[in-house]
Protein chains: 2
Amino acid sequence: MGTMTDHRPAEPMNWELYMPGISIDCVIFGYHNKELKILILEYKKSGIFALPGGFLRKDEELKDAAKRVLFERTGLRDIYLNQFHTFGSLKRGDIGPMHTVLRKNNMPFDNRHFLLQRFISVSYYALVDFKQVDPVADILSDSCQWYDSHHLPPLMLDHHEIFEKALEHLRNNIDRSVVGLNLLDDTFTMRELQNLYETILGEKLNRTGFHRKMMLSGQLKRLGKKKTGKAHRSPFVYKFTEEKK
Amino acid sequence: MGTMTDHRPAEPMNWELYMPGISIDCVIFGYHNKELKILILEYKKSGIFALPGGFLRKDEELKDAAKRVLFERTGLRDIYLNQFHTFGSLKRGDIGPMHTVLRKNNMPFDNRHFLLQRFISVSYYALVDFKQVDPVADILSDSCQWYDSHHLPPLMLDHHEIFEKALEHLRNNIDRSVVGLNLLDDTFTMRELQNLYETILGEKLNRTGFHRKMMLSGQLKRLGKKKTGKAHRSPFVYKFTEEKK
DNA sequence: AAATTATTGTTACAATATGTAACAATAATA
DNA sequence: TATTATTGTTACATATTGTAACAATAATTT
């Protein structure tokens, strides 16, 4: 976790520079081995798991704050980001978990500490290339790891609800080429694209119907053939006509 | 403008009870005479127009805050509400307009006044029965009026962008019966329903195709006939099978 | 009372999209 | 050379959508 690079801010937080009561949470999706993966933080010594998140600087655009969080966790810039909902449930005001984190880390605080107030969470989901990501833990966390979306650890506060809503929005957007562009390699076979769809939607799709729909959609360009080494006809490889960025 | 009832809070705001930097803005849609209407506030003596909005109490759910704003402006409870986006552009931090409002109203303030900070706006759209609404101005405003969505006055800050995004979401949700349930009378003819669709979508629809789609959707129940007084066949009246609430 | 008018409800048919099965192509293996 | 597994293609049934034609009918006009 973060052995290669460390994007953590070196200085401790100066809370004066941040908007109080507003947090940014990110559901970071990756795709590997036919599994939809999510990046999850574990707070030091507390056994508390959470979505990667951060705060909004007073001089910063919302989306830039989300980009900053993503850079700090993944080292990647120019990531696909989509704001999907803002969560403000009062049970988010449960200071228990954060209280535990501060105490276990021997950090000084009183009950009016920035982190112990009620927070409204503006939430984004991100689509990243699993292979390019080097997950980095932050100053309060001892790990930042990919988890299969079907085997998430118990998450803090309403973070599981946030994940579920993000997945719902991802499913609604699956036909936009930006999904495949960011979760697959540059080139892929039709079966690999179908596997991605089936993983995200959580259901099997008809092979020929899928093939036809994709070819008619106009978002794919067929390239050469790909030798698989298997005892059967070799598939074509495709790429999206749209540029990644 | 609030001649019948006044839902304004009697007491001046105690800013201590509210989350700083977080506002709630509402795009309130009504429908009348084949026009999509929006409720707009005009601040006293300033010529500044804005969406109805308010602030989030520290002990209040986000959606309850939006409901409170709606009640204060329309006198209605149990309104259909949908959170669609959160706006946080730095240009929202432009204190010019609010500065003007406070000054013109001879309200004391300094540059750290609650209202002069940067705000993040969690935005909802609402669907209300035009005929049941009695628009009420608030303490800073001298009017709260319906405007045709095609003839809105110039709006404060990014409020026009907020309206446009709300309309986009309304258009995406138009096939859900909740739209017709809240914008039309309990019973209506097929033509009246089609008029609503055409107004919201901003385009003409094919009559027979619309009729068939609606009947096959299963969300309509046909009642008796309606004498229109016009020299032609009288239409059926319909209602939605789903209950209003 | 019969013809006219305007709009509604229904039917028909074409065009398009979707679900499913059959079949041909082919790269490696037996 | 035959076998095997998977791919690309074609075919056909079913469902959906776009469009036009036509029949029904409530009030008005003649």
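Lettering of chains follows the sequences in order, A, B, ..., and the numbering in each one begins at 1.
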Over how many whole Å does the gap from [X] atom [atom1] to [N] atom [atom2] extend?
{"X": "A:His232", "N": "C:dA30", "atom1": "NE2", "atom2": "P", "answer": "14 Å"}
{"X": "B:Leu193", "N": "C:dT8", "atom1": "CG", "atom2": "P", "answer": "13 Å"}
{"X": "B:Asn206", "N": "D:dA20", "atom1": "CG", "atom2": "C1'", "answer": "9 Å"}
{"X": "A:Lys213", "N": "C:dT20", "atom1": "NZ", "atom2": "P", "answer": "14 Å"}
{"X": "B:Asn195", "N": "C:dT8", "atom1": "CG", "atom2": "C1'", "answer": "14 Å"}
{"X": "A:Leu216", "N": "D:dT9", "atom1": "CG", "atom2": "C1'", "answer": "13 Å"}
{"X": "A:Met214", "N": "C:dT18", "atom1": "CE", "atom2": "P", "answer": "11 Å"}
{"X": "B:Lys230", "N": "D:dT28", "atom1": "NZ", "atom2": "P", "answer": "11 Å"}

Please determine, for the side chain of B:Arg191, which listed nucleotide (C:dT7, D:dG18, C:dT8) has the closest atom?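 When the side chain of B:Arg191 is considered, C:dT8 is the closest of C:dT7, D:dG18, C:dT8.
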
Picking from D:dG8, D:dT25, C:dT26, the nucleotide nearest the side-chain atoms of B:Lys225 would be D:dT25

Distance test, side-chain N/O of [X] to OP1/OP2 of [N], below 4.0 Å:
{"X": "A:Tyr238", "N": "D:dG8", "answer": "yes"}
{"X": "A:Arg207", "N": "C:dA22", "answer": "no"}
{"X": "A:Ser234", "N": "C:dA27", "answer": "yes"}
{"X": "A:His211", "N": "D:dG8", "answer": "yes"}

Can a donor-acceptor pair under 3.5 Å be found between the side-chain atoms of A:Arg222 and the base atoms of D:dG8? no

Side-chain donor/acceptor contact of A:Arg233 with base of C:dT26 under 3.5 Å: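 By the distance-only test, no, there is no pair.
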
Is the NZ or CZ atom of B:Arg77 positioned over B:Phe71's six-membered ring, under 6.0 angstrom from the centre and within 45° of the axis? yes

Is the B:Tyr197 ring parallel, tilted or perpendicular to the B:Phe210 ring (thresholds 30°, 60°)? perpendicular

Residue met sooner reading DNA chain C from 5', once B:Met215 and A:Phe210 are mapped to nucleotides: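 The residue mapped nearer the 5' terminus is B:Met215.
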
I want to confirm an ordering. Mapping B:Arg212 and B:Met190 to their closest nucleotides on DNA chain C, which one lands closer to the 5' end?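 Closer to the 5' end of DNA chain C: B:Met190.
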
Between A:Ser121 and A:Asp25, does any side-chain donor sit less than 3.5 Å from a side-chain acceptor?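 Side chains of A:Ser121 and A:Asp25: pair found under 3.5 Å.
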
Just checking, any donor-acceptor pair under 3.5 angstrom between side chains of A:Tyr31 and A:Asn195?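 No, no side-chain donor-acceptor pair sits under 3.5 Å.
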
Carefully, step by step, assess B:Tyr124 and B:Tyr80 under the rule ring-ring contact (aromatic ring centres under 6.0 Å, His included). CA-CA 10 Å; B:Tyr124 288 80; B:Tyr80 175 77; over 10 Å; no

For A:Thr208, report the nucleic acid contact type (base, sugar-phosphate, nothing); a contact means any heavy atom under 4.0 Å. base

